[in-house]
Protein chains: 2
Amino acid sequence: MTVTIKDVAKRANVAPSTVSRVIADSPRISEKTKKKVREAMKELGYHPNFIARSLANKSTQVIGLVMPSSADKAFQNPFFPEVIRGISKAVHDRQYALQLSTGETEAEIYDGVVHMVQGKRVDGVILLYSRANDKIMAYLQKEDVPFVVIGKPHKKAEEITHVDNDNVRAAREATEYLIELGHERIAFVGGNVNLIVTMDRLRGYEKALKSAGLAYRKDYIVHEEFLKEGGQEAMKELLSLAEPPTALVVADDLMALGVLNTLAEMGLSVPGDVSIVSFNNVLLSEISRPPLTSVDINIFQLGFEAARNLIQQIENPNEPIKRIIIPHTLVKRFSCDYYKAPSQ
Amino acid sequence: MTVTIKDVAKRANVAPSTVSRVIADSPRISEKTKKKVREAMKELGYHPNFIARSLANKSTQVIGLVMPSSADKAFQNPFFPEVIRGISKAVHDRQYALQLSTGETEAEIYDGVVHMVQGKRVDGVILLYSRANDKIMAYLQKEDVPFVVIGKPHKKAEEITHVDNDNVRAAREATEYLIELGHERIAFVGGNVNLIVTMDRLRGYEKALKSAGLAYRKDYIVHEEFLKEGGQEAMKELLSLAEPPTALVVADDLMALGVLNTLAEMGLSVPGDVSIVSFNNVLLSEISRPPLTSVDINIFQLGFEAARNLIQQIENPNEPIKRIIIPHTLVKRFSCDYYKAPSQ
DNA sequence: TTGTAGGCGTTATCAG
DNA sequence: CTGATAACGCCTACAA
């Protein structure tokens with residue numbers, strides 16, 4: 001039925017092993033036979049069987065991708081298509097394939113990962129998120145599976161290859177930008193508290209306040225997820241304080257969109273009444289109203305480097321642990337303005 | 001190194017084939033030996049090797065997913081995470097894995113698909129989009145690979161299993177809703193003209209106009225992609241007509257978001273000056289300003305059914321061709337209002 | 001009910 | 001430079 005290496009071998013009057021070598025483009029085969037074999041392959045319409053190769057090789061040329069729980073609204077974040085685009089790019093040239101984790105709940109996803117790892121379906125794994133006490137990460141580490149995480153591991157970051165932004169600095173700079181504009185009452189609107197990226201950005205925000213000599217107020221820190229039902233409450237509370245903030249540092253663009261709309265509903269204008277700076281600089285930030293000032297974290301690059309380094313790690317077992325920091329830049333649009341003292 | 005079926009066999013004092021049968025839960029093995037073998041598996045930490053199984057079986061339990069070109073902004077559409085969520089759900093229970101097509105350009109993606117099909121890496125394929133003259137679809141058909149498309153195939157739809165909405169009807173109903181509100185000057189803002197879904201929705205729009213006795217005007221049809229640089233131009237032109245439309249049927253929520261912002265920039269209010277109804281009802285439509293009236297097309301279900309049917313097709317070779325229509329419903333929010341004659 | 005043996009399509013190790 | 005031959009880990013007749 002399917003044409004195999006043997007058929008090609010017969011057709012070209014050589015041994016199967018020779019055909020195999022031609023496929024691998026071994027330098028120890030004469031150009032003449034190579035040509036002969038290649039012709040036979042063409043004529044028969046031969047295509048190597050990856051599965052058989054994998055079995056013999058103990059290498060699948062497949063990389064597993066682990067997304068956060070799809071039950072989570074975070075799944076809808078445009079961050080993911082974009083990292084995947086980067087990963088896909090890096091992976092395509094080197095002939096690797098991508099396999100996606102499946103399942104809705106955390107438990108299901110965990111099982112899925114165990115399955116694809118134990119079943120030897122993948123050579124390595126990329127974790128597309130990083131949060132505190134992640135079972136999957138612990139598992140991968142225990143099993144000594146090649147993997148890289150996008151984001152900073154919660155613990156033992158120096159033992160795990162990861163690709164990240166300097167989120168502390170990014171957040172500090174974003175906050176400093178607002179300070180430069182004259183704002184003194186700046187609030188922080190974070191996402192899921194378990195995500196390391198949230199923690200880091202919060203720390204950067206803190207640092208900026210501190211070095212500017214501004215007070216760090218607990219009531220200025222909000223961690224609701226604005227995309228959830230009723231998530232607007234915390235936002236409303238924040239702006240009903242006796243001394244409401246005049247500027248917000250928002251965890252990411254999708255959340256910023258939610259914030260933008262809550263503000264509009266409350267009759268507050270951006271950047272007129274409140275300035276906003278957010279993160280990620282996805283498509284959304286351009287087409288929002290007003291277009292968002294956002295920290296571009298080079299999502300594509302995050303994915304690209306993660307994949308590139310994972311492949312290196314797979315192909316070279318004693319590749320050292322690495323920490324790769326992708327640069328960021330503040331993209332100024334129209335969601336920030338100078339602080340204006342309220343006209344009494 | 002790795003523990004195989006043989007190791008388990010020795011440990012349990014049975015033949016490898018017996019172990020194999022236990023894995024498959026063959027009814028022709030006594031409960032007693034089953035238990036014995038299972039204990040041995042546990043003790044040794046055995047996990048079946050999927051690759052080896054695939055080779056022997058000629059079945060990989062993997063489904064390939066083909067996304068549109070990631071060079072395309074369409075890639076950022078929240079439609080995709082959501083279909084994938086549905087697919088993932090359907091696939092997880094039945095122990096199938098998902099493989100993603102890689103590559104940026106169309107040519108790269110085509111190559112990728114050929115690779116994964118010829119390399120026997122997948123048992124079947126789901127096409128996550130449908131457009132006119134798609135090389136990939138033609139290829140899959142020619143090679144007789146089990147596949148299903150999400151959306152309606154351009155040609156020979158009766159020969160290809162597909163999962164779709166009745167987009168013609170959906171668009172007609174959406175348009176009729178605007179007509180009921182008193183609108184007579186209704187424009188259509190479509191996405192990529194090559195996508196079948198765009199064509200169908202345009203047809204539905206046309207039908208609604210026709211049966212309401214309203215004129216179908218060419219200058220009311222716009223097909224720019226609003227997410228592109230300069231895509232707002234067509235929009236502006238549309239609204240600068242001598243008789244500008246008072247309502248818009250917009251291809252999908254993401255585009256609607258862009259339209260919303262272009263309108264705001266032009267100083268037009270929604271739904272005050274212009275009413276908008278769009279499609280897909282993704283998260284975005286809830287958090288946009290105003291929240292969008294949108295046709296819910298049950299994206300999750302589209303993915304779920306596609307996967308379910310593909311698996312049936314894979315496991316039962318003479319499964320008939322099917323056309324599955326997922327129901328839709330108009331979700332009314334705040335982007336539509338009654339037509340108000342302009343105060344002279 | 002269970003064991004034996006051959007095969008799935010490649011690659012790798014030896015010879016030559 | 002090329003050819004046998006034995007794996008890779010599992011499945012499935014066919015036997016027993």
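Naming convention: chains lettered A, B, ... in sequence-line order (proteins, then strands); numbering from 1 in each chain. What's counted below: heavy atoms across the whole structure, side chains too, no hydrogens, waters or symmetry copies. This is a predicted model, so every value here is computed, not measured.
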Under 4.0 Å between a side-chain N or O of A:Asn57 and OP1 or OP2 of D:dC8? no

Just to confirm, is there a sub-4.0 Å distance from OP1 or OP2 of C:dT1 to any side-chain nitrogen or oxygen of B:Arg28? no

On the nucleotide C:dT10, are OP1 or OP2 found under 4.0 Å from the side-chain N or O atoms that A:Ser20 carries? no

Is a donor-acceptor pair below 3.5 Å formed from side chain B:Ser17 to base C:dT4, judging by atom type as modelled? yes

Between A:Lys58 and D:dG9, is there a contact of a side-chain N or O with OP1 or OP2 at under 4.0 Å? yes

For a quick check of understanding: with a heavy-atom distance under 4.0 Å over all strands, which category does B:Pro48 fall into, base, sugar-phosphate or nothing? sugar-phosphate

With the side chain defined as heavy atoms from C-beta on, A:Leu55 is closest, among D:dG3, D:dT2, D:dC8, to D:dC8

Determine: side-chain N/O of B:Ser30 to OP1/OP2 of C:dT2, distance under 4.0 Å, yes or no. yes

Of the listed nucleotides (C:dT10, D:dA4, C:dC8), which one gets closest to any side-chain atom of B:Ala56? C:dC8

Scan B:Thr33 against the nucleic acid and name what it touches under 4.0 Å (heavy atoms): base, sugar-phosphate only, or nothing. sugar-phosphate

Applying a 4.0 Å non-hydrogen cut-off, can you work out what B:Tyr46 is touching in the nucleic acid: base, sugar-phosphate, or nothing? sugar-phosphate

Is it true that B:Lys156 and B:Gln141 share a donor-acceptor pair across their side chains at a distance under 3.5 Å? no

Looking only at side-chain atoms of A:Arg53, point me to the closest of C:dG9, C:dT11, D:dA13. C:dT11

